[in-house]
Protein chains: 4
Amino acid sequence: MSSGTRHPDPTRRSERSRQAVLRAARELIAEVGYAKLSIEGIAARAGVGKQTIYRWWRSKGAVVLDAILALSQGADGIALPDTGDIEADLKAVMRATVAEFADPAFEAPIRALNMEIAIDPELAAQYREKLAGPVDEAKKERLRAAQRAGQLAADADLDLALELLYAPVYQRWLLRTAPLTPEYADALVDHLLKALRP
Amino acid sequence: MSSGTRHPDPTRRSERSRQAVLRAARELIAEVGYAKLSIEGIAARAGVGKQTIYRWWRSKGAVVLDAILALSQGADGIALPDTGDIEADLKAVMRATVAEFADPAFEAPIRALNMEIAIDPELAAQYREKLAGPVDEAKKERLRAAQRAGQLAADADLDLALELLYAPVYQRWLLRTAPLTPEYADALVDHLLKALRP
Amino acid sequence: MSSGTRHPDPTRRSERSRQAVLRAARELIAEVGYAKLSIEGIAARAGVGKQTIYRWWRSKGAVVLDAILALSQGADGIALPDTGDIEADLKAVMRATVAEFADPAFEAPIRALNMEIAIDPELAAQYREKLAGPVDEAKKERLRAAQRAGQLAADADLDLALELLYAPVYQRWLLRTAPLTPEYADALVDHLLKALRP
Amino acid sequence: MSSGTRHPDPTRRSERSRQAVLRAARELIAEVGYAKLSIEGIAARAGVGKQTIYRWWRSKGAVVLDAILALSQGADGIALPDTGDIEADLKAVMRATVAEFADPAFEAPIRALNMEIAIDPELAAQYREKLAGPVDEAKKERLRAAQRAGQLAADADLDLALELLYAPVYQRWLLRTAPLTPEYADALVDHLLKALRP
DNA sequence: CCATAAACGAGACGGTACGTCTCGTCTTGTT
DNA sequence: AACAAGACGAGACGTACCGTCTCGTTTATGG
């Protein structure tokens, strides 16, 4: 589950320490912000030697990724709602997404993670594999169902479709260029469907 | 032109030092990368006292922003090509954009700037005002022309239109989720126009 | 006065910091012992950045040497008593020496210094030049006076004479092989004079 | 033979490990010097678990002492030469001593051992009992023979005599105050005999 | 045409954190 | 039960930068 790749011997690893580190990382991001997050601080808060962190994680970013992964663990078998109405379903999903992005509790750690991912390609790969990938697959599955139902063009590029939905939200959030509102979520869905209708 | 707001007396400022700092910042980002960029290093490379940097810039990010602004100075009166064919014009522009993002020389400093902007809202505001704003305005002007020509719906949300075009490119580039190709540029334009046709 | 040799610019040095470091070093040697003396600890106690210590001193030993040098500063124009009776004078001096070695307050820092000197030849050279040298010279001067008075052989090797007096005391103290008593001091003088009488 | 005192059950001890530790200690002192000698390093070099060292030795110093003891094992029944001429015999012995101290191969480990002994009284006691004691006894035996032969005063303090001979050599070596030459060895003997003649 | 006040280069300062190393203890199989 | 291996909490190491603070030294008017 951890992001490092230098595990000397995973079986010898102290689960107690691992949990303490991830919890401390989460707490500190929320309390002092990502800019002031330090490995030294995480170790102290977790009651753990610094070496224990360096032993199992490649970087501060790897710790942050694991800390967030640990939260969304149970969410494996995710599936998007499917009422048969692709427009209604997508709007519901996008409104939820927009709301999540607007949540201040969501802000700090996810912004931190995105900084790390933008800098460290290897970390980005792990992020995609562990978190983004499964979620994207679920979303594409819903779109595929809509294709089968004749609500979307059969030859639509679903990866691009996802980007048309999510990239604008992501950009607004990351760069704070404009507020994220439910109306905005609806507008994105409307435009997507207009572009992708058969 | 500089981003700080505490200029004790702009007239007394040494232009020679300012240029040396911006040049040093650009060189160091290219050479050692953003993560290892330090004010100490910039000052040393520029042959400038650290205080001179702290006097005129609020933060490392402000220096980076200025360093990049200084490059794109002449580009004030930017205007997009207007052949009358909105599809051809947009595809040309997007292909150029995609090519620019793929340029390795572009990478390091812009990525650095984006990190700072994502963290520092005040810097983001300056970035929008000085760089992104004028460029976006030029883009919207072209879209407005297309509206007047009846090639786009009269009630189209042009801000959203820009996001549908650029946010996917931005996301692919920042998170390295997928390659940026000319075909991708074309596809984005195609989808936009399908969604925005009258 | 300090032992390091990399003084970047002695005129810029903070005398307040220098004093605080030496005082902290002395206090900590007395309190926690030499084995547990750390540069980190000295810096913290002195309210000084670690870099300030590394900037001006080559090693922990150099700090300790300076700390002790600073104590015995005024003792420049040292001269041994000269009553005309070399035996009585030497016995007085050696009894004082023996008493000094037996003083627990003397123990910790001097033992620490001797460890460093035994390991670091460069430090040893500075120790000899700054501390041991002048003292030895004073002792030899007294012996020379005795030679002129016909109480010692004219061709006596005074360096060796000093060693015959002090090396046994030093060895007993350093290795704790036997107690240092006034009688022992007298015995050393008796033997020296028997060996060196004309 | 080992210096620790917590042997849980000496019979269960692995002789192979013990030898490996002592050999590794000797090699590392010679290779990296005493200052950089670590238990971690000894264990790694010896192919031994750290616990094995902690189980059988009280401290790093105890390992070093054992490592050196192991070398001078056979030298139990030592006796100094006795040609009947005390001056010649002592000069031969002292010249040999001086030569031994000047040997670079002798340097590192013995200096290391002396550091430990100067710091740790308990270790010093063991050193005296196991190494210095027997040797000193042999030296005193030779001096006693000289007393019986009327070459030394019958009431001479033989412990002090040994110190007059060896302490100056020890001091010169430890503090590197002056070179150790054969002439110096002779001079020490000459002075001793002048002081101790009947 | 100076004087004078600022900005300047240099870099020392008190600090924080880095990533590494070693300590001495503890845990997990192996022999 | 001792062993090799090595993870663990702890904490010092020496380095890199932070942002602030003197230091003289330009430099650029404005009296």
Side-chain angles (χ1 to χ4, degrees), chain A residues 7-14 16-18 20 36-44 46-56 58-60, chain B residues 7-18 20 36-44 46-56 58-60, chain C residues 7-14 16-18 20 36-44 46-56 59-60, chain D residues 7-14 16-18 20 36-44 46-56 58-60:
Chain A
H7 300 185
D9 177 358
T11 67
R12 272 205 170 335
R13 181 165 191 179
S14 158
R16 144 188 284 275
S17 293
R18 193 180 147 270
K36 293 192 176 176
L37 180 67
S38 68
I39 290 191
E40 197 122 352
I42 296 173
V48 140
K50 284 201 289 176
Q51 201 58 42
T52 296
I53 298 184
Y54 285 108
R55 183 151 37 225
W56 300 106
R58 276 195 327 110
S59 65
K60 197 168 64 176
Chain B
H7 301 185
D9 176 359
T11 66
R12 268 189 156 331
R13 181 166 191 180
S14 158
E15 183 60 17
R16 146 190 283 275
S17 291
R18 194 181 147 270
K36 293 191 176 175
L37 180 67
S38 68
I39 289 192
E40 199 120 352
I42 295 173
V48 140
K50 285 200 290 175
Q51 201 56 244
T52 297
I53 297 184
Y54 285 108
R55 185 153 34 226
W56 300 107
R58 274 195 328 109
S59 67
K60 196 169 64 175
Chain C
H7 302 184
D9 178 356
T11 68
R12 272 204 172 338
R13 181 166 190 179
S14 159
R16 146 189 284 277
S17 293
R18 195 180 145 269
K36 294 193 175 176
L37 180 67
S38 68
I39 288 191
E40 197 123 352
I42 295 173
V48 140
K50 283 201 288 177
Q51 202 58 42
T52 296
I53 298 183
Y54 285 108
R55 183 149 41 223
W56 301 105
S59 65
K60 198 169 63 176
Chain D
H7 303 183
D9 177 358
T11 65
R12 270 195 156 313
R13 179 164 193 180
S14 158
R16 143 190 283 276
S17 293
R18 195 181 145 269
K36 294 192 175 176
L37 180 67
S38 69
I39 289 192
E40 200 120 351
I42 295 172
V48 140
K50 285 201 291 176
Q51 202 55 244
T52 298
I53 298 184
Y54 285 107
R55 187 155 31 228
W56 300 105
R58 275 198 323 114
S59 66
K60 197 169 64 176

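Numbered from 1 within each chain, the chains take letters A, B, ... in sequence-line order.
- Proximity note for W56(A) (side chain, C-beta onward) versus dC8(F), dC18(E), dC13(E): the nearest is dC8(F).
- Side-chain atoms of R13(D) lie closest to dC3(F) of the nucleotides dG9(F), dA12(F), dC3(F).
- Listed by chain and residue number, I53(A), Y54(A), K60(A) satisfy the side chain to side chain contact (heavy atoms under 4.5 Å, CB included) test with I39(A) (two or more places apart in sequence, or in another chain).
- Between K60(D) and S14(B), the one whose closest nucleotide on DNA chain E sits nearer the 5' end is S14(B).
- With contacts defined as side-chain heavy-atom distances shorter than 4.5 Å, the pair W56(D)/R13(D) qualifies.
- Taking the side chain to side chain donor-acceptor pair (under 3.5 Å) definition, one finds that S14(A) meets it with S17(A), sequence neighbours left out.
- As a whole-Å value, the separation of K36(B) NZ from dA17(E) P is 20 Å.
- With dC3(F), dG24(E), dG14(E) as the choices, the nucleotide that has an atom nearest any side-chain atom of S17(D) turns out to be dC3(F).
- Remark: P of dC3(F) and CZ of R18(D) are 12 Å apart, rounded to the nearest angstrom.
- Heavy-atom distances under 4.0 Å link DNA chain F to S38(C), I39(C), E40(C) of residues 37-44 of chain C, given in residue order.
- Scanning atom types as modelled, no donor and acceptor separated by under 3.5 angstrom connect the side chain of K50(B) and the base of dG9(E).
- Listed nucleotides dG9(E), dC3(F), dG14(E) differ in distance to V48(C); the shortest reach to its side chain belongs to dG14(E).
- Taking the side chain to side chain contact (heavy atoms under 4.5 Å, CB included) definition, one finds that A46(C) meets it with A20(C), V21(C), A24(C), V48(C), sequence neighbours left out.
- Summarising the geometry, the separation between CZ on R55(D) and C1' on dA5(F) is reported as 13 Å, rounded to the nearest angstrom.
- In this structure, Y54(B) atom OH and dG9(E) atom P are separated by 15 Å, rounded to whole Å.
- Map A46(C) and A46(B) each onto its nearest nucleotide of DNA chain E; the residue landing nearer the 5' end is A46(B).
- Judged as a side chain to side chain donor-acceptor pair (under 3.5 Å), and not counting sequence neighbours, the contacts of E40(D) are K50(D).
- G41(A) and S38(A) make their closest contact through N-OG, 2.8 Å (heavy atoms, listed as atom of the first residue, atom of the second, distance).
- What separates CD1 of I53(C) from P of dA12(E) is a distance of 15 Å, to the nearest Å.
- Across all strands shown, T11(C) has no heavy atoms under 4.0 Å from either base or sugar-phosphate atoms.
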Return the polar atom pairs (N/O with N/O) between nucleotides 22-24 of chain F and the protein under 3.5 Å, or none.
| unit_1 | atom_1 | unit_2 | atom_2 | d |
| --- | --- | --- | --- | --- |
| dC23(F) | O2 | R12(C) | NH2 | 2.9 |

